Number of protein chains: 2
Amino acid sequence: MKLSKKERQQLLYQTLKDNPFITDEELAEKFSVSIQTIRLDRLELNIPELRERIKNVAQHNYSEKVRSLPIDEVIGEIVDMELDRHAISILDIKPEHVFSRNKIARGHHLFAQANSLAVAVINDELALTASSNIQFLRQVKLGERVIAKAKVTEQNGPKGRTIVVVESFVNQELVFKGEFSMYRSKNEKVDKQ
Amino acid sequence: MKLSKKERQQLLYQTLKDNPFITDEELAEKFSVSIQTIRLDRLELNIPELRERIKNVAQHNYSEKVRSLPIDEVIGEIVDMELDRHAISILDIKPEHVFSRNKIARGHHLFAQANSLAVAVINDELALTASSNIQFLRQVKLGERVIAKAKVTEQNGPKGRTIVVVESFVNQELVFKGEFSMYRSKNEKVDKQ
DNA sequence: CTACTGTTAGTACCTAGTCATAATGTGTAG
DNA sequence: CTACACATTATGACTAGGTACTAACAGTAG
C-alpha cells in the first residue's frame, strides 16, 4: 500500500527520531520511493543529513551531557539533561539496593541517585553538595523503577549556592523529595543551542 | 619545535581521545605535518576516521547501559553501639568513594554511612528514614577516615518518629552533620540491620 | 487546455576520507 | 661520501552520503 506524502513524512520523522542512523537510500527502499523524494521530504521537514544527525547525537552526549561528572559516576542512568536547568535519571531497584529482609530500598540509594543527579546537572567543573533537606515519602520496593527529576530552581542563592530540587517517582507517585544546596567553583553562563 | 614520530603519535592519540571531532586537516596543521602523515599515524595507531569516531561516540551514547555502582551492604564499620541510645562507625575513604577528578568523597557515601548508622541504632525490626536534614561542612579527601557518631535525641517525636543526630568527623574536625527522622514499626524488639 | 503538485532523474560539486604508488628528505652506518 | 632505511610528502584515482540545482513527466483541479 502506498502512503500519502503526509503519512510518509510523518513516518519518516518518527523513524529517524527512533533511529537516526539510517541513510537516505535505506529510507527510499523502506518507503518505496526514490532517494530524491526522501531528500525533498527531509528538506521540507528540516531534517539534516545522516552525518549531521549522527554528529548531533554524539555532541549531545559529549559536550552537553556530563561535564562535572564522568558518566559512570552518576548513580542511575541519565535520560535527559539540560545543564543548569533540569535533568532526569532512572534507577532500577535491584537486590543490592534493598534490605535483605523486607526488600525495601535503602534510603541512601535514593539519596545517591538524587544527589549525583544534582551534581551532574550543574554546569561546572567542581560541584559539591553543601547541604540538603530530604524526605522519603513512601517505601520503594525491589524491582521498582525510580525516576528522579532534578530542577535547578535558583542559580545564585545565598553564598552563591545553586539550589537543585529533586523529586523521585515510581509510577507517577512521589517517593522522594530533596532540596540540594550545591557549591560550585564558578558561576557559568547558561548557554543553550 | 618539531616532535618525533613517537611523541606526535602519543599526542595525537590523546588529542583524539579528548576531542574526537577533529579532522585530519586540523590535526595536520596542529602538528605541522602533512595530512598524509596524520593518516599514516592513524593507520599505525588503529584510530578510525572522523566519521567513524563520531559514530562511535553517538552509538555509545545510544546504547548506554545502566551501571549502578553497588554500595556495600554495611556502610562503615560499627565499632560501638548501644541500641536506642548511640552508635559509632568508621569509614575509610577509598578510591571508589571519590570523584575520579578531584579525589573528593562523594556526598552520598557520607550520607550512606550516617544513614545506615541511624537505621542500625534503632532498636526495631523495621526502621526507615522518613526525612533528614544534612550539611556537608568540609570536603573529605581520599584516604581520610570518617568517624560517624549517632545519638538518639528523641524517642517519641511527632508522628512517633525517632530523631537521630549523626555527626561525622575527620581528625576531630566536624565534616558532616545530619538529623534523621526515623520511622519505626514498634517501640521495642531487638533486631536491626 | 493549462496550472499545479508530487515524484523521479540527472548533473555538478562537496567533505572527509580511502588506497596505491612514487618521489622526496633526513639520519646514521660503513 | 655513499648507501640504505625510514619518515615524510605528493599525486592520482576512488568512495559514501550527501547538497544544490535543473529538467521532465504523470495525475489531478479548475
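All values derive from a computational prediction rather than experimental measurement. Chain identifiers are assigned alphabetically (A, B, ...) following the order of the sequence lines, protein sequences preceding nucleic acid strands; residue numbering begins at 1 within each chain. Below, all heavy atoms of this structure are taken into account, side chains as well, without hydrogens, waters or symmetry copies.
Within 4.0 Å (heavy atoms only), A/Ile35 reaches no atom of the nucleic acid at all. Residue B/Arg53 is out of contact with every strand shown, counting any heavy-atom pair closer than 4.0 Å. Residue contacts for A/Glu49: at a heavy-atom cut-off of 4.0 Å it reaches the sugar-phosphate backbone alone, with no base atom in range.
Across the protein-nucleic acid pair, A/Leu43 atom CG and C/dT7 atom P stand 14 Å apart, rounded to whole Å. A straight line from CD of A/Glu25 to C1' of D/dT15 spans 13 Å, rounded to a whole angstrom. One atom, NZ of A/Lys5, and another, P of D/dG27, lie 18 Å apart when rounded to the nearest Å. Taking atom NZ of A/Lys55 as the reference point, atom P of C/dT15 lies 12 Å away to the nearest angstrom. When the P atom of D/dG18 is taken as reference, atom CD1 of A/Ile22 falls 11 Å away, rounded to whole Å. The CD-C1' distance, from A/Gln36 to D/dC21, rounds to 12 Å in whole Å. Whole-Å rounding puts the B/Leu50 CG to D/dA16 C1' distance at 14 Å. Protein atom CD of A/Glu52 is 15 Å distant from nucleotide atom P of D/dG17, rounded to whole Å.
Which of D/dG17, C/dT7, C/dA16 sits closest to the side chain of A/Leu40 comes down to C/dT7. With C/dG10, D/dT9, C/dT18 as the choices, the nucleotide that has an atom nearest any side-chain atom of B/Arg42 turns out to be C/dT18. For A/Arg39, taking side-chain heavy atoms from C-beta onward, the closest of the listed nucleotides C/dA16, D/dG18, C/dG6 is D/dG18. Distance from the side chain of A/Arg8 is smallest to C/dT7 among D/dA10, C/dT8, C/dT7.
Taking the ring axis of A/Phe169 as reference, the NZ or CZ atom of A/Lys149 stays within 45° of it and closer than 6.0 Å to the ring centre.
Between the side chain of B/Asn171 and the backbone N or O of B/Glu173, no donor-acceptor pair lies under 3.5 Å.
Once rounded to the nearest 0.5 Å, the distance linking CD1 of A/Ile54 with CD1 of A/Ile22 reads 10.5 Å.
Clustering ILVMFWY residues whenever any of their side-chain heavy atoms sit less than 4.5 angstrom apart, transitively, puts A/Leu137 in a cluster other than the one holding A/Phe176.
The base of C/dA16 has none of its N or O atoms less than 3.5 Å from a complementary donor or acceptor on the side chain of A/Arg51.
Using a 4.0 Å cut-off between a side-chain N of Lys or Arg and a carboxylate O of Asp or Glu, B/Arg42 and B/Glu52 do not qualify as a salt bridge.
The side chain of A/Thr37 places an N or O atom within less than 4.0 Å of a non-bridging phosphate oxygen (OP1 or OP2) of C/dT8.
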